[in-house]
Amino acid sequence: MSKSAAEFNKNDDGRPPAHVAIIMDGNGRWAQQKGLIRVRGHRRGVDSVRAVTTECARLGVGSLTLYAFSVENWKRPQAEIRILMNLLKKFLIDERPTIMKNNIRLTSIGRIEDMSADVRKELNATEALSAKNRGMVLRLALSYGGRAELADATKRIAREVKAGRLDPDAIDEETIRAFLYDPSLPDPDLLIRTAGEMRVSNFLLWQVSYSELYVTPVCWPDFRERELNEAFADYRRRVRKFGGLERVTVS
Ligand code: IPE
Ligand code: IPE
Ligand code: MG
């Protein structure tokens, strides 16, 4: 079947977005809607992480950044934090075969020093195990906040200036990028948020300046391969201009 005129996008190169970032929200609501306790939603959410990660790798996405735990999430009740940390630790151990089979390199961004020693141990082990993989980069945002990241970067830049290694007049956007948690992190092409809230909740504030936003009412535990492909299809209909004009014939 040929594409309808409305669907045809001359800017569509048919490729998936190179860098996908996801705000995985709605685990609690998913459980509540079913009369279950919140932890059941978090547990089911791990299955979505596996499904979406594997599908992204299969489709040739270069980089997937998942907002797993925000710096603000420490405000939650201790019991919920403990459950989330245990699930994270279990994920880091159990998913090693899937990560290796799909040639995925696992990395992390955020105030990793806030995580408990046992989580850091498993995180380091999975990062080390997958360090030589050359497929998709799976980046977990842990104890991550966009403002915290900019504050941490500013502190490090100030130290460089104080030590005489950096001229303040030479500071430009690339300098700031170089001091973010992961300077190799490309700007997300597509930012997905599940569970319907129209906000960025302190995620990748510097990096999303020109990302395409996609918000779905579907809660994270129900977001799987089909929903991901719908998001990608929507992305391919977008026209990205980065403040410029669409390529137009001027003469
Ligand atoms: C996302 O689901 C998981 C984390 C933030 C860690 P929530 O726990 O925020 O679920 P809702 O938003 O309460 O439904
Ligand atoms: C954003 O979800 C953080 C993560 C998905 C890890 P939240 O549930 O914490 O965001 P708010 O509180 O609704 O803005
Ligand atoms: Mg939430």
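For ligands, and for the atoms within them, numbers begin at 1 and follow the listed sequence.
Counting protein heavy atoms only, atom 12 (O) of ligand 2 is closest to R199 NH2, 4.5 Å. In terms of protein heavy atoms, atom 6 (C) of ligand 2 is closest to Y67 O, 3.3 Å. Protein heavy atom nearest atom 10 (O) of ligand 1, with residue, atom name and distance: G28 N, 3.0 Å.
When V71, L66, L142, D25 are checked for heavy-atom proximity to atom 2 (O) of ligand 2, D25 turns out nearest.
Every heavy atom of A195 sits 4.0 Å or more from the atoms of ligand 1. Ligand 1 lies within reach of R38, whose nearest heavy atom is under 4.0 Å from it.
Each of the atoms 6 (C) of ligand 2 lies under 4.0 Å from some heavy atom of A68. Close contacts of ligand 1 with R29, meaning ligand atoms under 4.0 Å from a residue heavy atom, involve 11 (P), 12 (O), 14 (O). The contact set between ligand 2 and R193, taken as ligand atoms under 4.0 Å from a residue heavy atom, comprises 2 (O), 10 (O), 11 (P), 13 (O), 14 (O). Each of the atoms 6 (C) of ligand 2 lies under 4.0 Å from some heavy atom of F69. Set against the non-hydrogen atoms of S201, the atoms of ligand 2 under 4.0 Å away are 10 (O), 11 (P), 14 (O).
The Mg ion (ligand 3) has no N, O or S atom of E197 inside 2.8 Å of it.
Checking side-chain atoms of S48 against main-chain N and O of P221 turns up a donor-acceptor pair under 3.5 Å.
E122 and R96 are joined by a salt bridge, as a carboxylate oxygen and a charged side-chain nitrogen come within less than 4.0 angstrom of each other. Salt bridge status for D47 with R50: present, with a side-chain N to carboxylate O gap under 4.0 Å. Salt bridge present: R177 and E174 bring a charged side-chain N and a carboxylate O closer than 4.0 Å. With respect to D189 and R238, no salt bridge is recorded, no charged nitrogen being found less than 4.0 Å from a carboxylate O.
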Could you walk me through whether W206 and E173 pass the side-chain contact (heavy atoms from CB on, under 4.5 Å) check?
-> CA-CA 10 Å; W206 172 271; E173 293 183 11; 4.1 Å; yes

Start with the C-alpha gap between I192 and F223, add the side-chain angles, then the distance that decides, and say whether side-chain contact (heavy atoms from CB on, under 4.5 Å) holds.
-> CA-CA 11 Å; I192 297 174; F223 192 92; 4.0 Å; yes

Determine, step by step, whether R226 and E55 satisfy the salt bridge (Lys or Arg N to Asp or Glu O under 4.0 Å) criterion, reporting the C-alpha distance in whole Å, the side-chain angles of both residues, the deciding distance to 0.1 Å, and the verdict.
-> CA-CA 10 Å; R226 188 164 64 94; E55 182 70 352; over 6 Å; no

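The proximity of M24 to ligand 1, defined as any non-hydrogen pair under 4.0 Å, is limited to the backbone.
Within D25, the N, O or S atom lying nearest to the Mg ion (ligand 3) carries the name OD1.
For ligand 2, one of its N or O atoms has an N or O atom of R76 under 3.5 Å away. On a distance-only criterion, N73 and ligand 2 share at least one N/O pair closer than 3.5 Å.
A tilted orientation is assigned to the rings of F242 and Y210, their planes being inclined by 30° to 60°.
Within 6.0 Å of atom CZ in R40, 12 or fewer heavy atoms from other residues, nucleotides or ligands are found, so the atom counts as exposed in its surroundings.
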